[in-house]
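Data block below; observations after.
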Amino acid sequence: MKKTILTGDRPTGPLHIGHLFGSLQNRVKMQDEYETYIMVADVQALTDNYHNPEKVRQNVFEVVLDNLAVGVDPKKATILIQSMIPEIAELTVFFSNLVTITRLERNPTVKQEIAQKADVFKGGVTYGFLGYPISQAADILVFLADTVPVGEDQLPVIEQAREIVKKFNAIYGEVFPAPQGVVSAFPRLKGLDGSAKMSKSLNNAIYISDEPAVIEKKVMKALTDTKKIRKDDPGDPDVCVVYNYHKIFSKAQEPEIRSGCQKGKLGCVDCKKCLAKNIIDYLAPIQEKRNYYKNNMDEVKKIVLDGTNKARAKAKETMKLVKEHMKIDYFKE
Ligand code: ATP
Ligand code: MG
């Protein structure tokens with residue numbers, strides 16, 4: 001039987017180069033062989049943006065455009081909007097009986113995100129945000145997905161989904177597969193500011209849709225080895241964010257860049273100019289495709305509506321099975 005992928009993105013901003021190398025390329029590669037569902041996770045985005053619904057709304061189609069631009073093929077993959085599949089919310093409720101509050105509080109990803117979002121949660125952490133791993137388990141399992149291409153930050157959340165599956169299947173009988181996270185060769189791209197993760201919410205990202213001038217400006221401001229002050233000071237590429245990106249975008253020039261930096265022959269300005277050009281060149285065909293779709297929004301909307309309808313049919317099937325196993329199918333003929 002064909003294996004099934006569920007993956008997706010939160011509509012909290014357009015997608016960035018961390019997404020591109022962390023998860024988008026994997027889903028494009030895998031869509032030929034797997035039954036693939038790609039979710040715009042608007043319900044999850046609202047867990048920490050409940051006060052900003054306009055932001056979530058604005059980014060739903062941005063995220064879809066990014067997926068189409070990088071090569072997600074609507075003939076192969078099903079693109080859907082989370083809030084339009086109410087069965088996910090229903091499954092979340094059933095799953096929440098199987099997870100303790102302490103287990104949620106121990107999830108390292110949730111813990112770190114709460115710390116980063118101190119402004120949102122200054123009055124206390126909400127039930128909805130603390131519980132997002134449960135709702136993410138429902139996202140995956142309502143499609144009976146066994147494979148989840150993600151960035152490294154999401155692995156603890158998938159681990160929680162596996163625990164839910166184990167418990168559910170033990171109590172109610174085998175319904176769900178244990179989902180497996182799949183990370184890429186670049187599972188956690190650093191932010192422009194040197195922080196551990198490029199992230200839409202941290203304002204440290206180069207977006208797939210950024211104009212060349214914007215990319216150049218962002219790269220010129222990126223953090224480098226802080227000990228390399230003058231052009232001819234020797235630098236340490238391994239602590240430099242710019243070098244980190246060269247590894248992806250400047251494969252052919254990388255050895256030369258590395259030794260030039262270490263020997264104090266290559267200054268940061270030239271190094272950054274080279275990177276900016278390579279990123280701009282890399283993104284050019286992707287942006288061209290993005291513009292095509294942006295100018296044909298009727299086509300994009302149809303892709304999303306068809307995808308969501310197809311996904312909902314699958315979710316309904318799963319919920320029928322779930323209710324049978326949970327013995328709440330009272331009016332079954
Ligand atoms: P937010 O800050 O709103 O959470 P985000 O940048 O973390 O946004 P998500 O939509 O949460 O993006 O994540 C979508 C997918 O991309 C997930 O699988 C996530 O693990 C992956 N991802 C996010 N950031 C990175 C990164 N810097 N490097 C690699 N993968 C990433
Ligand atoms: Mg995230």
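Just so you know, ligand 1 is whichever comes first in the structure, and atom 1 is the first atom listed for that ligand.
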Between [X] and ligand 1, which part of the residue brings a heavy atom under 4.0 Å of the ligand: side chain, backbone, both or neither?
X: Glu113; value: neither
X: Ser184; value: neither
X: Asp153; value: side chain
X: Thr12; value: side chain

For [X] and ligand 1, does the shortest N/O to N/O distance drop below 3.5 Å?
X: Gln154; value: no
X: Gly151; value: yes
X: Lys200; value: yes
X: Leu189; value: yes

Find all atoms of ligand 1 within a distance of less than 4.0 Å from any non-hydrogen atom belonging to [X], and give their numbers and elements.
X: Ser201; value: 1 (P), 2 (O), 3 (O)
X: Gly22; value: 29 (C), 30 (N)
X: Gly8; value: 14 (C), 15 (C)
X: Ser23; value: 15 (C), 16 (O)
X: Val150; value: 18 (O)
X: Pro187; value: 28 (N), 29 (C), 30 (N)

Original post:
Taking the inter-plane angle between the rings of Phe21 and Tyr282 on a 0 to 90° scale, is it parallel (under 30°), tilted (30 to 60°) or perpendicular (over 60°)?
Top reply: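 Ring orientation of Phe21 relative to Tyr282: tilted.
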**OP:** Evaluate the ring planes of Phe121 and Phe129, with Trp represented by its six-membered ring, and classify them as parallel (under 30°), tilted (30 to 60°) or perpendicular (over 60°).
**Re:** tilted
**OP:** Compare all side-chain heavy atoms of Pro86 with those of Arg312 and state whether any distance is below 4.5 angstrom.
**Re:**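 Yes. Closest side-chain heavy atoms under 4.5 Å.
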**OP:** State, without any angle test, whether Glu299 and Tyr292 hold a side-chain donor-acceptor pair at a distance under 3.5 Å.
**Re:**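 Distance-only check passes for Glu299 and Tyr292.
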**OP:** Check whether the side chains of Asp153 and Thr109 place a donor and an acceptor atom closer than 3.5 Å, and report yes or no.
**Re:** no
Subject >> Pair Asp238 + Arg258: basic N to acidic O under 4.0 Å >> reply: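 Yes, Asp238 and Arg258 are salt-bridged.
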Original post:
Nearest protein heavy-atom contact for atom 12 (O) of ligand 1: which residue, which atom, what distance?
Top reply: His19 NE2, 2.8 Å
Original post:
Quick one: nearest non-hydrogen protein atom to atom 31 (C) of ligand 1, plus distance?
Top reply: Gly18 O, 4.1 Å
Subject >> Option whose closest heavy atom lies nearest to atom 5 (P) of ligand 1, chosen from Lys197, Met198, Arg10, Lys117 >> reply: Lys197
Original post:
Heavy atom of Gln44 under 4.0 Å from ligand 1?
Top reply: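 No; Gln44 lies far enough from ligand 1 that no heavy-atom distance drops under 4.0 Å.
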Original post:
Per the side chain to side chain donor-acceptor pair (under 3.5 Å) rule, which among Gln82, Gln160, Gln44 passes with Gln136?
Top reply: Gln44
Original post:
Hey, what do you get for OG1 (Thr308) to CE (Met84), rounding to the nearest 0.5 Å?
Top reply: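 Between atom OG1 of Thr308 and atom CE of Met84 there are 5.0 Å.
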